[in-house]
**Q** 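Take this structure, written in structure tokens, and hold onto it; I'll ask about it next.
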Amino acid sequence: MAIKCIARLRSRRVVQDQLQTPNEVEAEGGCCWANLPQELLWEVLLMIEETESIWPQRKNVVACAGVCRSWRFIIQQIVKLPQLSGKLTFPISVKQPGPKDSLLQCFIKRNRSTQTYYLYLGLTNSALSDGGKFLLAARKCRRPTCTDYIISLQAEDFSKGTNTYAGRLRSNFLGTKFTVFDGQSPQAGAKMGKSRSSRLANLRQVSPSSNYPMAHISYELNLLGSRGPRRMQCNMNTIPATSIAPGGLDPTTQAELNPYQSTPTSFLSKSASMENSVSDQKNGGLVLINKAPRWHEQLQCWCLNFHGRVTIASVKNFQLVASPENEPGGPEHEKIILQFGKVGKDLFTMDYRYPISAFQAFAICLSSFETRIACE
């Protein structure tokens, strides 16, 4: 009953927005139901957040955040970080670490004609055919000396001059080394984006011309042409190596909020967390390496256990784990942090977990699409 009531209020809100400008609505203090008792409103919104656990139903949580400032403030406190809840809700979630206890299942669709790649959230195998929640898109741009992948929050807008710009991936001439750039610099002052989706998520951005290097990916050269799969290494500049240790926390991890706390930690400025990451690099950044496959004599091929998430053999398939160089060692180094593999002609699965984000995982997987004779 409470959810139906909220749905009716939301529909009335849409009509009101058509008659009034956003400035007029804000000047009135939100809307007529902004003054509902906070305790009652908290319980109702908490019920919606808990019951609408998957997409597309979860769009109701985002809609509630757009009703007025008081609703948005409560939703910001209720919605937990992806690493705690395992859910991606707002646009900023794609740049926050994934869940700690399990791999978050996604998939990538490739459009060969436009050299475009689309990342979707798909928690079930049926999502591969039915479609999932769109997260990010990337377009390949060939240049004389390198290749760029422009990563965007929108499926069709790849301009660097808009708030949809998330970052880019750039390769060297041979396609053996890549750098992941974040569109948000940790030194610049954060400011609110103008797009509606950015306002809903409190996604703070700066000028898209600012590109902050956050990861380096390298593929080992295979000059002698010896038989074997690709070998790759990822240096995560903004993630301390201690994040994978027992009890270790990524700089973006925050304590659970109690009701009506003044500052919602799940929506803190990303620039502040990245500044902490830079200072933690003194202790060494996290290094990821691909898990070595085993040679199967009967099948005459290299094999990895993807637990049913990969069905087609491909040189692009890989699993990343923490390098033994990271300290301290232990069972945490055996956990798969990112796995990527082929399931169709232009369809690939991408599963990731803490401490990397969907944006970082997507950029790493994009590097695997490059054809590199020097490494194979």
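Note that the coordinates shown come from a computational prediction; the quantities given were computed from them, not determined experimentally.
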**Q** So how far is it from Asn237 CG to Asn235 CG, rounded to the nearest 0.5 Å?
**A**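 These two atoms lie 7.0 Å from each other.
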**Q** Salt bridge or not between Arg58 and Glu49? Use side-chain N to carboxylate O under 4.0 Å.
**A**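 Looking at Glu49 together with Arg58, the answer is yes, because their closest N to O distance falls below 4.0 Å.
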**Q** For Ala358 versus Leu119, what's the shortest heavy-atom pair and its separation?
**A**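 Reported closest heavy-atom pair: O-CD2, 4.2 Å.
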**Q** Sub-3.5 Å donor-acceptor pair from the side chain of Thr164 to the main-chain atoms of Ser152, do we have one?
**A**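 No; judged by distance alone, with no hydrogens or angles, the pair does not exist.
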**Q** Working to the nearest 0.5 angstrom, can you tell me the gap between Ile75 CD1 and Cys64 SG?
**A**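 Reported value, rounded in 0.5 Å steps: 5.5 Å.
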**Q** Please determine which of Cys106, Pro91, Ser93 meets the side chain to side chain contact (heavy atoms under 4.5 Å, CB included) test together with Leu135.
**A**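 The side chain to side chain contact (heavy atoms under 4.5 Å, CB included) with Leu135 is passed solely by Cys106 among Cys106, Pro91, Ser93.
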**Q** Between Phe181 and Tyr212 (judged by ring centroids, cut-off 6.0 Å), do the two rings come close enough to count as a pair?
**A**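 When the ring centroids of Phe181 and Tyr212 are compared, they turn out to be at least 6.0 Å apart.
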**Q** Where do Ser243 and Pro240 come nearest, in terms of heavy atoms and distance?
**A**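 Between these two residues, the closest heavy atoms are OG-O, 2.8 Å.
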**Q** Could you check whether any side-chain heavy atom of Gln339 comes within less than 4.5 Å of a side-chain heavy atom of Arg309, counting everything from C-beta outward?
**A**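 They are in side-chain contact.
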**Q** Apply the test side chain to side chain contact (heavy atoms under 4.5 Å, CB included) to residues Leu304 and Asn317: give CA-CA distance (whole Å), side-chain angles for both, the deciding distance (0.1 Å), then the verdict.
**A** CA-CA 9 Å; Leu304 280 172; Asn317 302 347; over 6 Å; no
**Q** Has Trp55 got a side-chain atom pairing as donor or acceptor with Phe134's backbone, closer than 3.5 angstrom?
**A**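 Looks like no, no N/O pair under 3.5 Å.
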**Q** Less than 4.5 Å apart, side chain to side chain, heavy atoms only: is that true for Ser218 and Thr176?
**A**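 No, their side chains stay 4.5 Å or more apart.
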**Q** May I have the step-by-step check of side chain to side chain contact (heavy atoms under 4.5 Å, CB included) for Ile337 and Tyr352, ending in yes or no?
**A** CA-CA 6 Å; Ile337 295 178; Tyr352 76 99; over 6 Å; no
**Q** Does NZ or CZ of Lys100 lie under 6.0 Å from the centre of the six-membered ring of Tyr354, at an angle within 45° of the ring axis?
**A**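 Geometry flag: set, cation within 6.0 Å and 45°.
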**Q** Do Ile108 and Tyr118 come within less than 4.5 Å of each other through their side chains, counting heavy atoms only?
**A**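 Not touching, per the 4.5 Å side-chain cut-off.
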**Q** Are Lys140 and Glu370 ion-paired here, with the side-chain N under 4.0 Å from a carboxylate O?
**A**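 Yes, Lys140 and Glu370 are salt-bridged.
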**Q** Testing Pro355, Ser357, Pro97 for side chain to side chain contact (heavy atoms under 4.5 Å, CB included) with Ile239, which one passes?
**A**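 Result: among Pro355, Ser357, Pro97, Pro355 is the only option passing the side chain to side chain contact (heavy atoms under 4.5 Å, CB included) with Ile239.
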**Q** So Gln105 and Thr349, do their side chains get closer than 4.5 Å, heavy atoms only?
**A**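 A side-chain contact is absent here, since even the closest heavy-atom pair is not under 4.5 Å.
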**Q** Please find the pair of heavy atoms, one from Gln154 and one from Ala137, that lie closest to each other, and give the distance.
**A**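 So the minimum-distance heavy-atom pair works out to O-CB, 3.7 Å.
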**Q** Side chain of Arg353, backbone of Lys335: donor and acceptor closer than 3.5 Å?
**A**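 No, because the side chain of Arg353 does not come within donor-acceptor range (under 3.5 Å) of the backbone of Lys335.
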**Q** Can you see whether Tyr120 has Lys109 sitting over its ring - NZ or CZ less than 6.0 Å from the centre and within 45° of the normal?
**A**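 The answer is yes, since Lys109 meets both limits relative to Tyr120.
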**Q** Hey, could you give me the CG/CD distance between Leu338 and Gln360, rounded to the nearest 0.5 Å?
**A**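 Going from CG on Leu338 over to CD on Gln360, the span is 10.5 Å.
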**Q** Is it the case that the side chain of Ser367 and the backbone of Cys365 share a donor-acceptor pair, with hydrogens and angles ignored and the cut-off at 3.5 Å?
**A**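 No, because the side chain of Ser367 does not come within donor-acceptor range (under 3.5 Å) of the backbone of Cys365.
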**Q** I'd like to know if Asp148 and Arg143 make a salt bridge, using a cut-off of under 4.0 Å between side-chain N and carboxylate O.
**A**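 Yes, this pair counts.
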**Q** Decide yes or no for Phe348 and Val343: does some side-chain heavy atom of the first lie under 4.5 Å from some side-chain heavy atom of the second?
**A**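 Sidechains of Val343 and Phe348: no contact.
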**Q** side-chain hydrogen bond (donor to acceptor under 3.5 Å, both in side chains) for Asn111 and Ser113? Distances and angles first, verdict last.
**A** CA-CA 6 Å; Asn111 188 324; Ser113 60; 2.6 Å; yes
**Q** Please say which of Phe359, Tyr149, Phe362 ends up in a side chain to side chain contact (heavy atoms under 4.5 Å, CB included) with Val180.
**A**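 It is Phe359, the one option of Phe359, Tyr149, Phe362 that forms the side chain to side chain contact (heavy atoms under 4.5 Å, CB included) with Val180.
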**Q** Are the aromatic rings of Tyr117 and Phe369 close, with centres under 6.0 Å apart?
**A**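 Yes, the ring centres sit under 6.0 Å apart.
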**Q** If I take atom CZ from residue Phe107 and atom CZ from residue Phe340, how far apart are they, to the nearest 0.5 angstrom?
**A**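 If we round to the nearest 0.5 Å, Phe107:CZ and Phe340:CZ are 13.0 Å apart.
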**Q** Kindly indicate whether the side chain of Leu153, heavy atoms from C-beta on, has any atom under 4.5 Å from the side chain of Val94.
**A**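 SC-SC contact between Leu153 and Val94 confirmed.
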**Q** How long is the span from the SG atom in Cys234 to the NE2 atom in His216, to the nearest 0.5 Å?
**A**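 Output value for this atom pair is 11.5 Å.
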**Q** If you take all heavy atoms of Ile150 and Arg168, which pair is closest and at what distance?
**A**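 Closest approach of Ile150 to Arg168, heavy atoms only: CD1-CB, 4.1 Å.
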**Q** I need the minimum non-hydrogen distance between Gln115 and Arg112, along with the two atoms involved.
**A**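 So the minimum-distance heavy-atom pair works out to NE2-O, 3.1 Å.
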**Q** Please find the pair of heavy atoms, one from Arg170 and one from Cys146, that lie closest to each other, and give the distance.
**A**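 So the two residues come closest at NE-SG, 3.8 Å.
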**Q** Can you confirm whether Gln76 sits close enough to Val79 that some side-chain heavy atom of one is under 4.5 Å from a side-chain heavy atom of the other?
**A**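 Counting from C-beta outward, Gln76 and Val79 never come under 4.5 Å.
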**Q** Can you tell if the side chain of Leu320 reaches within under 4.5 Å of the side chain of Phe318, non-hydrogen atoms only?
**A**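 Touching, per the 4.5 Å side-chain cut-off.
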**Q** Linking I/L/V/M/F/W/Y whenever any side-chain heavy atoms sit under 4.5 Å apart, do Ile74 and Leu36 land together?
**A**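 Hydrophobic grouping puts Ile74 with Leu36.
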**Q** Does the pair Met232 and Ile289 meet the rule for a side chain to side chain contact (heavy atoms under 4.5 Å, CB included), with working shown?
**A** CA-CA 6 Å; Met232 61 187 299; Ile289 59 174; over 6 Å; no
**Q** For the side chain of Gln319 and the backbone of Asn305, is there at least one donor-acceptor N/O pair under 3.5 Å apart?
**A**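 Pair found, side chain donor or acceptor close to backbone of Asn305.
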**Q** Looking at Ser368 and Lys316, would you say the former's side chain and the latter's main chain have a donor-acceptor pair under 3.5 Å?
**A**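 Yes.
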**Q** Determine, using the 4.5 Å side-chain heavy-atom cutoff (strictly less than), whether Ile336 and Phe306 are members of one ILVMFWY cluster.
**A**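 Ile336 and Phe306: separate clusters.
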**Q** Show the numbers, then the answer: is there a side chain to side chain contact (heavy atoms under 4.5 Å, CB included) between Asp351 and Leu104?
**A** CA-CA 5 Å; Asp351 303 337; Leu104 196 58; over 6 Å; no
**Q** Quick one: do Val310 and Met350 end up in the same hydrophobic cluster if we chain Ile, Leu, Val, Met, Phe, Trp and Tyr together by side-chain heavy atoms under 4.5 Å apart?
**A**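 Cluster IDs for Val310 and Met350 differ.
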**Q** Under the 3.5 angstrom rule, does the side chain of Thr147 hit a backbone N or O of Ser171 as a donor-acceptor pair?
**A**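 Side chain of Thr147 to backbone of Ser171: no pair is present.
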**Q** To the nearest 0.5 angstrom, please state how far the OG1 atom of Thr89 sits from the NZ atom of Lys59.
**A**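 Between atom OG1 of Thr89 and atom NZ of Lys59 there are 14.5 Å.
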**Q** Between Tyr219 and Phe178, how do the two ring planes meet: parallel, tilted or perpendicular, split at 30° and 60°?
**A**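 Ring orientation, 0 to 90° scale: perpendicular.
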**Q** Give a yes or no on whether Ile364 and Leu103 share a hydrophobic cluster (residues Ile, Leu, Val, Met, Phe, Trp, Tyr; joining criterion: side-chain heavy atoms under 4.5 Å apart).
**A**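 Different hydrophobic clusters.
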